[in-house]
Amino acid sequence: MRFTSTFPVRSYEVGADNLLHHGHIARFVLHAGDLVTTALGMDSAWMEAHDSFFVVRGLQLEFESGAKEGEMLQLVTWLSEAKRVRGYRQVKFTSAEDGRAIANAQLDWVYVSRATLAPARMPADMLERLALEDERACAHAWQAGVEVGPAFEFLCAAQHRDLDQLRHVNTAVYVEWFEQAFCEAERTTPAQIRGHKLEFLRQTLLGEPMRIVSQRTATGVWRQELRHAHTGEVHVRDELWV
């Protein structure tokens, strides 16, 4: 089943370059899943009754063109795969005014038990409602190569505003952290960024001291890792495409 929604770009979602922030595109991707599950009768109350929720395992973003304040965007989303505990949601953003591509995304999610926080098998009735379409939204492929040049470090820590309802750092915040780290290393703006491939390994909690290590690779893609500043454990990986 495809779900479509249209919405305007609001003034507080636009940056100094007069374009929609990439972090807000990530938020729209996350919201797309909520729109669909709610429309199918599986809202937050349903999830709570089934002692479950979805967590993000991976996120790929491709930025095709910028969107400006007041522009109407169209979001189209569908599920391309759902098996046992894991699924892939596809999202396309286009301008509702001239039809040009704005962004594409693939969200990799896992169905989790609230009681154990471990992956759980999706109920049969959920799988029946989640009709699948075998099509991918993302059209580009990029891959980091061998690291070249110096590595750059960026320090950060989660604030209260960064947390979601599960008290974890919101997925979109990681996009913003990685972009800030890249922009400080390159002394450039987020408008130069073409895409992200994020892999989530560990949750990040309020106030944890974190550092992002960013390094260009031979393919021009930047490899970035969010690590705990004290233990060195990797929480999130990103391949940033420019």
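- In this structure, R136 places its CZ atom where more than 12 heavy-atom neighbours from other residues, nucleotides or ligands lie under 6.0 Å away.
- Listed for the T38 side chain is no donor-acceptor partner under 3.5 Å among the backbone atoms of L35.
- Taken to the nearest 0.5 Å, the CG atom of L73 stands 9.0 Å off from the OG1 atom of T6.
- R223 places no side-chain N or O within donor-acceptor distance of the main-chain N or O of L240, the cut-off being under 3.5 Å.
- Cation-pi check for K197 over W241 is not met; the charged atom does not lie both under 6.0 angstrom from the ring centroid and within 45 degrees of its normal.
- Within the 3.5 Å criterion, the main-chain N or O of C183 finds no donor-acceptor partner in the side chain of E186.
- Atom OG1 in T171 sits 7.0 Å away from atom CG in L59 (nearest 0.5 Å).
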The test is side-chain contact (heavy atoms from CB on, under 4.5 Å); show your working for V76 and F3 and say whether it passes.
CA-CA 6 Å; V76 179; F3 187 91; over 6 Å; no

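- A salt bridge does not link E135 with K92: every distance from a Lys NZ or Arg NE/NH1/NH2 to an Asp or Glu carboxylate oxygen is 4.0 Å or more.
- Here the side chains of E225 and I212 are not in contact, with every heavy-atom distance at 4.5 Å or above.
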Which is it for V29 and Q60 under the side-chain contact (heavy atoms from CB on, under 4.5 Å) test, yes or no, and what are the steps along the way?
CA-CA 10 Å; V29 172; Q60 180 169 339; over 6 Å; no

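- Side-chain contact check for H160 versus L206: some heavy-atom pair is nearer than 4.5 Å.
- Between the CD atom in E179 and the OG1 atom in T188 there is a gap of 11.0 Å [rounded to 0.5 Å].
- Using a 4.5 Å cut-off on side-chain heavy atoms (C-beta onward), W109 and R57 make no contact.
- Residues V9 and F7 share a single hydrophobic cluster, defined by chaining ILVMFWY side chains whose heavy atoms lie under 4.5 Å apart.
- Open room surrounds NE2 on H31; 12 or fewer heavy atoms of other groups in view lie less than 6.0 Å from it.
- Note: D238 CG to W177 CH2 = 13.5 Å, rounded to the nearest 0.5 Å.
- Y88 and V85 are not part of a single hydrophobic cluster, where members link through side-chain heavy atoms under 4.5 Å apart.
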Go through it in stages, so that I can follow the logic: the residues are L163 and N170, the test is side-chain contact (heavy atoms from CB on, under 4.5 Å), and I'd like the CA-CA distance, side-chain angles, deciding distance and then a yes or no.
CA-CA 5 Å; L163 303 184; N170 185 275; over 6 Å; no

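- Linking Ile, Leu, Val, Met, Phe, Trp and Tyr residues whenever their side-chain heavy atoms come within less than 4.5 Å leaves V91 and M72 in two separate clusters.
- More than 12 heavy atoms of other shown residues, nucleotides or ligands fall within 6.0 angstrom of atom CD in E97.
- The aromatic rings of H24 and F28 sit tilted relative to each other, their planes meeting at an angle between 30° and 60°.
- With contacts defined as side-chain heavy-atom distances shorter than 4.5 Å, the pair F54/V112 does not qualify.
- No side-chain heavy atom of E199 sits less than 4.5 Å from a side-chain heavy atom of V236.
- Taking the side chain as every heavy atom from C-beta outward, V36 and W78 never approach each other to under 4.5 Å.
- Under the 6.0 Å cut-off for aromatic ring centres, H22 and F63 qualify, their centroids lying closer than that.
- The shortest heavy-atom contact between D51 and A115 is OD2-CB, 3.4 Å.
- Residue pairs meeting the side chain to side chain donor-acceptor pair (under 3.5 Å) criterion with at least one partner in residues 66-77, sequence neighbours excluded, are E71-S95, E71-R100, T77-R89.
- Heavy atoms only, all atoms of each residue included: G220 and V242 are closest at O-CG2, 3.6 Å.
- Side-chain atoms of Q90 come within 3.5 Å of backbone N or O of A137 as a donor-acceptor pair.
- When only modelled atom types and interatomic distance are considered, E176 and Q180 share no side-chain donor-acceptor pair under 3.5 Å.
- Distance check: L201 CG to L226 CG gives 10.0 Å after rounding to the nearest 0.5 Å.
- Remark: R194 CZ to L61 CG distance equals 13.5 Å, nearest 0.5 Å.
- Ring pair F152/W222 is tilted by interplanar angle, where 30° to 60° counts as tilted.
- Sequence neighbours left out, the pairs with a member in residues 110-124 that pass side chain to side chain donor-acceptor pair (under 3.5 Å) are S52-Y111, S113-T116.
- No chain of hydrophobic side-chain contacts below 4.5 Å, direct or via other Ile, Leu, Val, Met, Phe, Trp or Tyr residues, connects V213 to V234.
- In D134, the CG atom is not crowded: 12 or fewer heavy atoms of neighbouring residues, nucleotides or ligands sit closer than 6.0 Å.
- Ionic pairing of E233 and R227 is not present here: no N-O contact between side-chain nitrogen and carboxylate oxygen is shorter than 4.0 angstrom.
- Evaluation of the side chain to side chain contact (heavy atoms under 4.5 Å, CB included) rule for E64 yields E62, A101, N104, H140 as partners, not counting sequence neighbours.
- Without hydrogens or angle criteria, E208 side chain to L205 main chain gives a donor-acceptor distance under 3.5 Å.
- Using a 4.5 Å cut-off between side-chain heavy atoms of Ile, Leu, Val, Met, Phe, Trp and Tyr, with links allowed through other members, I25 and L30 fall into the same hydrophobic cluster.
- Contact annotation: the side chain of L198 approaches that of F200 to within less than 4.5 Å [non-hydrogen atoms, C-beta and beyond].
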side-chain contact (heavy atoms from CB on, under 4.5 Å) evaluation trace for R211 with F154:
CA-CA 5 Å; R211 61 188 174 97; F154 172 80; over 6 Å; no

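- With hydrogens and angles ignored, the 3.5 Å screen pairs no side-chain donor or acceptor of H21 with any backbone N or O of E13.
- Residues Q215 and E147 have side chains that never bring a donor and an acceptor to within less than 3.5 angstrom of each other.
- When all heavy atoms of A218 and V148 are compared, the closest pair comes out as N-CG2, 4.1 Å.
- T219 places a side-chain N or O within 3.5 Å of a backbone atom of Q143 that can act as its donor or acceptor partner.
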